[in-house]
Amino acid sequence: MANFLIILLGYSLFLLLVGAVLILSWYAEKLDPDNELPDSILDEFFPERQRHEQDHAETEPSMLPHAA
């Protein structure tokens, strides 16, 4: 049983390290001013979410007087 727990702990640390490298590489790319990445990593996987938020963006009322 102890061997199984050691293997499970090692594998979970490996997965944690791989996830951290992926996330850090994403944000390192975002720091590059010439990149063309979306604002969020979720927009890379769910592009419809970004369009949906743009469609429902709140607008402020205009300060111009109405034409009579």
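One is the number of the first residue; the rest follow in order along the sequence. These figures come from a predicted structure and were not determined experimentally.
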K.L.:
To the nearest 0.5 Å, tell me how far L8 CG sits from N3 CG.
P.N.:
12.5 Å
K.L.:
Working to the nearest 0.5 Å, report the span between OG of S12 and CD1 of I7.
P.N.:
12.0 Å
K.L.:
Only pairs under 3.5 Å count here: list side-chain donor-acceptor contacts from residues 15-23, not counting sequence neighbours, and write none if there are none.
P.N.:
none

